[in-house]
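Just below is one structure, and these are the notes that go with it.
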2 protein chains.
Amino acid sequence: MPDNQELAPDAPGSDRQEQAQEKEQPRRRQARGERRIAQLLEAAAHVFCTTGYTAASTNAIAREAGVSPGTLYQFFPNKEAIAIELGDRLMHEMRETYGEALAPVDPATPVEEAVGAAVDRFIAFNCDHPVFFALMHGPDIPGRISEEHDALHATLLARITDLLSSLLPATADPADLTRTARMCLGMYKAGLELVLGHEGAEREAYVRELKNALVRYLEPLAGARLGTPARAGA
Amino acid sequence: MPDNQELAPDAPGSDRQEQAQEKEQPRRRQARGERRIAQLLEAAAHVFCTTGYTAASTNAIAREAGVSPGTLYQFFPNKEAIAIELGDRLMHEMRETYGEALAPVDPATPVEEAVGAAVDRFIAFNCDHPVFFALMHGPDIPGRISEEHDALHATLLARITDLLSSLLPATADPADLTRTARMCLGMYKAGLELVLGHEGAEREAYVRELKNALVRYLEPLAGARLGTPARAGA
DNA sequence: GACAAACGCGAGTGGTCGCTCGCATTCTGG
DNA sequence: CCAGAATGCGAGCGACCACTCGCGTTTGTC
């Protein structure tokens, strides 16, 4: 088992003459291998999506990718590593493409706009990558993914809390803020599930419904700000 | 395997002389057996609660109940039947104890009151029986439980839709009603998760937060009704 | 072309889990 | 009190799954 150092680096400290590469053991990999990895991850995404993590068998993933189980284990040390690599790539893509949704907002933007923009971005990402939802909300996910989920959860919570504290001028109790932020995130998740469960116009209607729920929940809190009475109903 | 007809009745039609009992094959069971069943179901509830359905092993359930695996299979034909019987009993108890929450409401009651009463009842039930949440929201539940969940889901949806249609006088589009009802149920589930994740005063604060979110979401829809501007904040 | 390393295969291994079977013990009706 | 049913046991069976191993094939390098 002298393979797979790239995806699952073990403890170093043995004979290593030239670490003058980029990072860690280079593990020379041909283009063919990279293609196989992408192929396997795509197959894994499909299988995870349809059956969930635990119910997904590595043999099924290999079959879906059209390779043998042995080939799969040439590139991934174990089943967990597949989910982790998949999660890492999704996380990376999300931060790259939709990172702006996490950036601090101009405190002058109305609630509707801020909520709408954030919801649109995250909904779009989740619609493009349904595996993300399966990996993040499965009850049986491996430890590493769970950590990533917690990190994302905490990040989102912090961002929402920031946004809320910019809305509530002096109502200072941070415990209230935390609860409200958690409630917002929960409502978003619930709405996301509804959105993912429908297609086309119906899906968009649910997006509007989710935005309505969030805005109506948050608007009364923004008492000190200039009200935005214009509300485009469904 | 001439046992377990009561919990898993197979196709009848064979030699049955005296069906003058109460229902189905009587399957004479001693008090000891009934006690064992209750004991096993309690153990199963605990194991399902902590590890989920699929991860729960029948041997673990038997161990938790302090009996051998063979004894477990004397009363349940298979693992699924354990979850089904547990679900049936929970469902029965819910209908018995909290069925009034599903009864039609007086159309004169304000939104806050109706929402608050329903939320309180269901939250209380779920707090008393955390297994219910685990069985209903696990992604790996067996078919029968899934059907029960769907039935409950549909019932709740129908009730919420009724309540909504009594609020919206003439805004007739039933598709909008369905979406709003689904959003309400999703918000309730999200809130329930938050509530179950906390204890004591914090838990009650989340209950209030959930009610706030639901009321604020629904209140603007009740435009034609006499408004209830008194809102007790957190 | 030759060598080595990366790639690819699929039968096989160890382990777990749902479930069974033969047998011992306890209860119930007559 | 005794025949038979209900209860109880736990080693073990078959199936499945994550993962391995030995060997054959392809690819990059000199």
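Values in this document were obtained by computation on a predicted structure and should not be read as measured data. Residue numbers start from 1 in every chain, and the chains themselves are labelled A, B, ... in the order their sequence lines are given, proteins ahead of strands.
Within the 4.0 Å cut-off from OP1 or OP2 of C:dG8, at least one side-chain nitrogen or oxygen of A:R36 is found. Between D:dT20 and A:Y73, no contact under 4.0 Å exists linking OP1 or OP2 to a side-chain N or O. Within the structure, every side-chain polar atom (N or O) of B:T71 is placed at least 4.0 Å from both OP1 and OP2 of D:dT7.
Here D:dA15 presents its P atom at 17 Å from CG of B:N78, a figure rounded to the nearest Å. Look at CD1 on A:I82: it is 13 Å from C1' on D:dC17, rounded to the nearest Å. Following rounding to the nearest Å, A:R63 (CZ) and D:dC19 (P) show an atom-to-atom distance of 16 Å. Rounded to whole angstrom, the span from the CD1 atom of A:I61 across to the C1' atom of D:dC17 amounts to 12 Å. Straight-line distance from the CD atom of A:E34 to the P atom of C:dG8: 12 Å, rounded to whole Å. Atoms CG (A:L72) and P (C:dC7) sit 14 Å apart, rounded to a whole Å.
When the side chain to side chain donor-acceptor pair (under 3.5 Å) test is applied to A:Y188, the partners found at least two apart in sequence or on another chain are A:N126. Listed by chain and residue number, A:H137, A:H153 satisfy the ring pair (Phe, Tyr, Trp, His ring centres under 6.0 Å) test with A:H149 (two or more places apart in sequence, or in another chain). Qualifying side-chain contact (heavy atoms from CB on, under 4.5 Å) partners for B:A43, counting only residues two or more places apart in sequence or in other chains: B:I61, B:E64, B:A65. A search for side chain to side chain donor-acceptor pair (under 3.5 Å) contacts involving B:T161 returns nothing, not counting sequence neighbours. Legend: residues meeting side chain to side chain donor-acceptor pair (under 3.5 Å) with B:D140, ordered by chain and number and at least two apart, are B:T54. B:T71 pairs by the side chain to side chain donor-acceptor pair (under 3.5 Å) definition with B:S68, not counting sequence neighbours. The side-chain contact (heavy atoms from CB on, under 4.5 Å) test applied to A:E204 returns A:R208, not counting sequence neighbours.
The existence of a salt bridge linking B:K189 and B:E193 is excluded, since no basic side-chain nitrogen approaches an acidic carboxylate oxygen closer than 4.0 Å. Salt-bridge formation is not detected for the pair B:E93/B:R89: no Lys NZ or Arg NE/NH1/NH2 atom is positioned less than 4.0 Å from an Asp or Glu carboxylate oxygen.
Residue A:G66 is the one, among A:G66 and B:G70, whose nearest nucleotide of DNA chain C lies closer to the 5' end (criterion: closest heavy atom).
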Which atom pairs link the protein and nucleotides 14-17 of chain C when you take only N or O atoms and keep those under 3.5 Å?
none

Collect all protein-nucleotide pairs involving nucleotides 25-30 of chain D in which both atoms are nitrogen or oxygen and the distance is under 3.5 Å.
from: D:dT27; atom 1: O3'; to: A:Q30; atom 2: NE2; distance (Å): 3.4

Are there any protein N/O atoms within less than 3.5 Å of an N/O atom in nucleotides 22-24 of chain C, and if so, which ones and at what distance?
none

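Closest to the side chain of A:Q74, out of C:dC7, C:dG10, D:dA11, is C:dC7. Checking D:dC19, D:dT7, C:dC7 against the side-chain heavy atoms of B:R29 singles out D:dT7 as nearest.
When the shell of 6.0 Å around NE2 of B:H46 is examined, it contains 12 or fewer heavy atoms from other residues, nucleotides or ligands. Within a 6.0 Å radius of CD in A:E42, other residues, nucleotides and ligands contribute 12 heavy atoms or fewer.
Residue A:G33 is classed as a sugar-phosphate contact, given heavy-atom separations below 4.0 Å to backbone atoms only.
Identified under the ring-ring contact (aromatic ring centres under 6.0 Å, His included) test for residues 190-213 of chain B, with sequence neighbours left out: B:H198-B:Y206.
At a non-hydrogen distance threshold of 4.0 Å, nothing from residues 38-46 of chain A comes into contact with DNA chain C.
Ring-plane geometry between A:Y53 and A:F48 is classed as tilted, the angle between the planes lying from 30 to 60 degrees on a 0 to 90 degree scale.
Judged purely by atom type and a 3.5 angstrom limit, B:T97 has no side-chain atom pairing as donor or acceptor with the backbone of B:M94.
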